[in-house]
Protein chains: 2
Amino acid sequence: MRKPPITIEDSKVPRLPSERPGPEGGKRDANRRQQVARICEAALELFCAAGVESVTIDDIVSKAGVAKGSFYRYFQGKEELVDALFSPVADRMREALATCELDMKQARGPSELTRVYGSLGLAVAGIIAANLGVLRLYLQESRGPDLGSRKPIVALSRDLEETAFELTRVAREHGLLRTDYDYRLGTLVSIGAIERLLAAYLAGELFTESTDIAGELIRVILDGIRAATPQA
Amino acid sequence: MRKPPITIEDSKVPRLPSERPGPEGGKRDANRRQQVARICEAALELFCAAGVESVTIDDIVSKAGVAKGSFYRYFQGKEELVDALFSPVADRMREALATCELDMKQARGPSELTRVYGSLGLAVAGIIAANLGVLRLYLQESRGPDLGSRKPIVALSRDLEETAFELTRVAREHGLLRTDYDYRLGTLVSIGAIERLLAAYLAGELFTESTDIAGELIRVILDGIRAATPQA
DNA sequence: AAATATAATGACCAAATCGTCACTGTTTTC
DNA sequence: GAAAACAGTGACGATTTGGTCATTATATTT
């Protein structure tokens with residue numbers, strides 16, 4: 001348990017040494033992007049293989065073929081790097097959920113509910129298909145302690161869960177869900193099931209076609225909704 | 001990523017310095033048990049709070065109020081300590097699943113299947129109720145990389161999953177399950193849902209009574225089975 | 001092309017961590 | 001009670017790690 005150094009809350013990633021120089025299409029700009037990309041790519045692989053906490057800065061720069069000083073030019077430390085890896089994905093996910101929530105508020109009747117969940121599923125599938133490495137890391141780390149460099153991952157996990165609860169709550173208000181029932185249970189069941197199936201799929205444990213997996217997911221979620229419906 | 005030292009595969013925990021001395025009811029015996037207990041207790045708390053990989057031997061001995069040399073008298077290192085924490089629970093789980101598998105082989109018809117799953121659920125509930133700390137650690141670590149001191153946890157996770165698959169397979173052969181369907185999907189859904197609900201419950205996120213949670217779990221598992229039943 | 005601004009580098013330091021061991025304390029045996 | 005076996009201790013050396021910085025290399029501006 002290496003004691004974390006005192007850090008000053010700071011701006012976004014990648015970090016600006018003082019201020020980014022003017023020209024944007026220039027060689028500097030390209031080099032910078034390349035350095036950051038190299039670091040991120042190497043880090044993601046290492047994180048997936050050994051876990052965020054176990055990977056050292058030396059491991060990362062060594063694999064990335066970059067000097068240690070360069071790393072600290074772009075990132076304050078591992079936590080900021082992790083945040084940089086997750087930020088874009090997190091944004092897209094939040095966006096998809098927000099859209100879904102709007103849809104949900106206009107939904108009328110059970111069939112509309114199903115349609116709304118369906119289009120959320122499509123959106124999410126697109127996001128994760130484009131970010132398999134990050135997804136894998138997420139599944140691996142999101143239940144760990146909310147400390148150190150894992151913080152951004154756990155924060156995302158909590159955020160998504162919260163939004164999923166909210167979504168179910170809206171569905172209950174606008175749909176036909178019972179109120180004597182803790183709607184979070186069904187939500188948690190869905191999240192757990194989805195994550196477990198995805199993990200198995202990514203690990204190559206399943207020989208099932210992804211369409212079949214999708215079918216199973218739909219079944220789980222619909223069952224979850226149905227259970228919250230007045231004696232369907 | 002500290003390189004692991006070369007270790008010789010060795011016998012069980014707790015470790016014998018040369019050979020344990022004769023008398024069993026004596027003071028020595030009591031002291032040894034107390035040392036081991038102190039270490040395990042402190043370690044479990046720290047592991048839950050910060051994650052197995054982040055906790056150092058110094059943290060553990062400091063919290064346990066024990067000298068570092070004493071730690072190494074009883075354990076070869078962190079991995080062996082983790083194994084010592086999980087071994088008893090793992091044994092009881094395997095036992096419960098084995099019993100269930102025998103039951104399952106004698107089950108006839110859907111109602112019997114339900115009964116068999118029910119009694120497995122009771123057995124498992126008893127085990128985890130008596131080992132909440134270990135359960136929490138399991139949920140937190142079981143999806144991490146299979147390296148270092150996390151190994152025993154991941155190994156248990158894989159083992160349990162394998163057995164759960166086997167159980168479903170037996171149910172399919174003896175019950176009425178479709179064969180054109182990857183029976184592992186339903187199993188994974190159940191595992192994921194159970195684990196997620198337990199994690200939320202342990203984290204105190206749920207104000208639901210544990211009986212209601214149990215009801216939700218039963219629903220999930222039965223739905224999982226039903227889905228594998230010829231067009232119920 | 002010279003001057004300036006920005007970026008990359010890796011040797012270096014301090015702190016942390018592991019695992020050992022010579023020594024002291026305690027229990028058992030004779 | 002003396003001797004022998006076992007257990008507990010924490011200082012120590014070796015290694016690893018995070019983070020810095022003077023120096024060198026590269027890009028941009030003049």
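As a basis for the values below, the full set of heavy atoms in this structure was taken, side chains included, without hydrogen atoms, waters or symmetry mates. Order of the sequence lines fixes the chain letters, A, B, ..., with proteins taken first and strands second; residue numbering starts at 1 for each chain.
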Query raised in the report: Quick one: is C:dA8 close enough that its OP1 or OP2 comes under 4.0 Å of any side-chain N or O from A:Asn31?
Result: no
**Asked** Is the shortest side-chain N/O distance from A:Gln35 to OP1 or OP2 of C:dA7 below 4.0 Å?
**Response** no
- Can you say whether the rings of B:Phe86 and B:Tyr138 are parallel (under 30°), tilted (30 to 60°) or perpendicular (over 60°)? tilted
Value in whole Å for how far the [atom2] atom of [N] lies from [atom1] of [X]:
X       : N      : atom1 : atom2 : answer
B:Asp29 : D:dG8  : CG    : C1'   : 17 Å
B:Arg32 : C:dT26 : CZ    : C1'   : 13 Å
B:Gln34 : D:dG8  : CD    : P     : 9 Å
B:Glu80 : C:dC18 : CD    : P     : 16 Å
B:Phe75 : C:dG19 : CZ    : P     : 14 Å
A:Arg33 : C:dA7  : CZ    : P     : 12 Å
B:Phe71 : D:dG10 : CZ    : C1'   : 16 Å
B:Arg73 : D:dG10 : CZ    : P     : 15 Å

Are A:Asp146 and A:Arg158 within salt-bridge range, i.e. N to O under 4.0 Å? yes
Notebook entry, point to check: Can a salt bridge be assigned to the pair B:Glu195 and B:Arg143 using a cut-off of 4.0 Å between side-chain N and carboxylate O?
Noted result: yes
Pick out the pairs of N or O atoms, protein on one side and nucleotides 1-4 of chain D on the other, that lie under 3.5 Å.
none

Would B:Thr56 and B:Asp59 count as having a side-chain donor-acceptor pair, cut-off 3.5 Å? yes
So which nucleotide from [options] ends up closest to the side chain of [X]?
X       : options               : result
A:Ile57 : D:dT28, D:dA7, D:dG18 : D:dG18
A:Tyr74 : C:dA7, C:dG10, D:dT28 : C:dA7
A:Tyr72 : D:dT9, C:dA8, D:dG19  : D:dG19
B:Ser70 : D:dG18, D:dT9, D:dA7  : D:dT9

In short, B:Ile60 meets B:Ala42 closest at the heavy-atom pair O-CB, 4.1 Å
In short, A:Leu202 meets A:Leu132 closest at the heavy-atom pair CD2-CD2, 4.0 Å
Inset, instruction - Can you establish whether the number of heavy atoms outside B:Tyr201 located under 6.0 Å from its atom OH is more than 12? - result: no
task: Count the heavy atoms belonging to other residues, nucleotides or ligands that lie under 6.0 Å from CD of B:Glu166, then report whether that count exceeds 12.
output: yes
inquiry  = Categorize A:Lys68 for me: base, sugar-phosphate, or nothing, with a 4.0 angstrom heavy-atom threshold over every strand shown.
reply    = base
Note: for B:Gly69 and A:Asp58 on DNA chain D, the residue whose nearest nucleotide lies more 5' is B:Gly69
Of B:Asp59 and A:Gly65, the one whose closest nucleotide on DNA chain C sits nearer the 5' end is A:Gly65
If we ignore hydrogens and angles and just use 3.5 Å, is the side chain of B:Asp159 paired with the main-chain N or O of B:Ala155 as donor and acceptor? no
With five pairs defining each end axis, the helix from C:dA1-D:dT30 to C:dC30-D:dG1 comes out bent, to 10°, by 10°
When rounded to the nearest 0.5 Å, the distance separating CZ of A:Arg33 from SG of A:Cys40 is 12.5 Å
